[in-house]
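Step one of this worksheet: look at the structure below.
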Amino acid sequence: MNVIDRKSLLYKTDVEYGDYTINHVEGCSHGCLYPCYAMMLKKRFGVIKDYADWLEPKIVGNALALLEKEIPKYKSKIKHVHLCFTTDPFMYNYKEICDLSIAIIKRLNESEIKCTALTKGVLPEELMHLGNQNEYGITLISLKEEFRKEYEPYAAPYFERINSLYKLHKAGIKTWVSIEPYPTPNIVDQNFSEILNAIDFVDKIIYGRLNYNSQVTKYPGYKEFFNELSNEVIEFCKKNNKEYHIKEGTITVCKAI
Ligand code: SF4
C-alpha cells in the first residue's frame, strides 16, 4: 500500500455538523461517481492526477506520531473528532486502513476524545470493544445494488453496510445513517420509505440532496421532491424518537407557479 507523510493531521472543519476531523488517507478506493466532491477538490488543487490516481489510496504513515503531538495542543477545544470528510476510514477490503482508523479512534478515546466515523465500507466488529462513547454511521442512499454498482462501484454492498451497523447497534453503541447525496428519480427510481425502514434501528438520520450532478436540475420539480423527502425524514424521526439533521440547501422555498 502506498504511504505518504503529512505535516499535520487534526483540524477544525467547516462542514456543518463537524467539529474536528482527521483524513488519514489520501484518495478513496470506493470511487463514487455522483461525483465525489472530495475527489473534485483534490483534482482542482493538483493533489491527485485523475480518477485512477484517486482510486489508489495512500495511507498517512506518520498519522499516529502526529496525533501524539497534536492531541495536547487541541484537546481542550475538541468536542469530537470525525473520521473522515475527504476519504473513507473503513474502505472496503482495505484492512490496513481499517486497522489504522481503529488505532486512531483508540488513541483519541484514551485522551477522552469522542469520535464519530462514517463509511461506505463495513464497520469492523472491533469497534464494539472501544466503548460506547463513539458514534458510527454508514452512508445509504439506495437499496438497489444496480445503482450501487454504477455510482459507488467499489464500496460495500448495501446489506453488508447495514448488517455491520446493526451489530454495533445491538452492542449498545450509538448509530446513524447519512442519506446523502440523495439522487432524484430520473437517476434512480426508488421507494424512499423502504430505505427509512431498512435503517429504523439507528439513533440519528442525516439527509441531504445530491449536488454537482446536472441530472438533478433536469428532474421537473426537483426542489419540491427534496422538500417532500426532507419532511418525510423529519416525520419519521419524530415518530420514532430519533435525532435528525437536514443538510443546508436541501429544503428550499419553491416559487409559486
Ligand atoms: S466514499 Fe466518500 S470519499 Fe470515497 S469516493 Fe465515495 S464519496 Fe468520495
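Owing to the predicted nature of the structure, the values given are computational and were not obtained by experimental measurement. In listed order, ligands and their atoms are each counted from 1.
In the vicinity of His30, heavy-atom distances shorter than 4.0 Å reach the ligand 1 atoms 1 (S).
Ring-plane geometry between Tyr219 and Phe225 is classed as perpendicular, the angle between the planes exceeding 60 degrees on a 0 to 90 degree scale with a lower cut at 30. Ring geometry for Tyr34 against Tyr151 counts as parallel: the plane angle stays under 30°, on a 0 to 90° scale with 60° as the upper cut. Aromatic ring pairs are classed by plane angle as parallel below 30°, tilted from 30° to 60° and perpendicular above 60°; the pair Tyr207 and Phe192 is perpendicular.
If you run salt bridge (charged side-chain N to carboxylate O under 4.0 Å, His left out) between Asp53 and each of Lys43, Lys42, Lys58, only Lys58 comes through.
Within the 3.5 Å criterion, the main-chain N or O of Tyr158 finds a donor-acceptor partner in the side chain of Glu145.
Contact annotation: for Trp54 versus ligand 1, heavy atoms closer than 4.0 Å belong to the side chain alone.
Shortest contact from atom 4 (Fe) of ligand 1 to any protein heavy atom: Cys28 SG, 2.3 Å. The shortest contact between atom 8 (Fe) of ligand 1 and any protein heavy atom is with Cys36 SG, 2.4 Å. In terms of protein heavy atoms, atom 7 (S) of ligand 1 is closest to Lys120 NZ, 3.4 Å.
Which of Pro181, Ser29, Cys32, Gly31 comes nearest to atom 6 (Fe) of ligand 1 through a heavy atom is settled by distance: it is Cys32.
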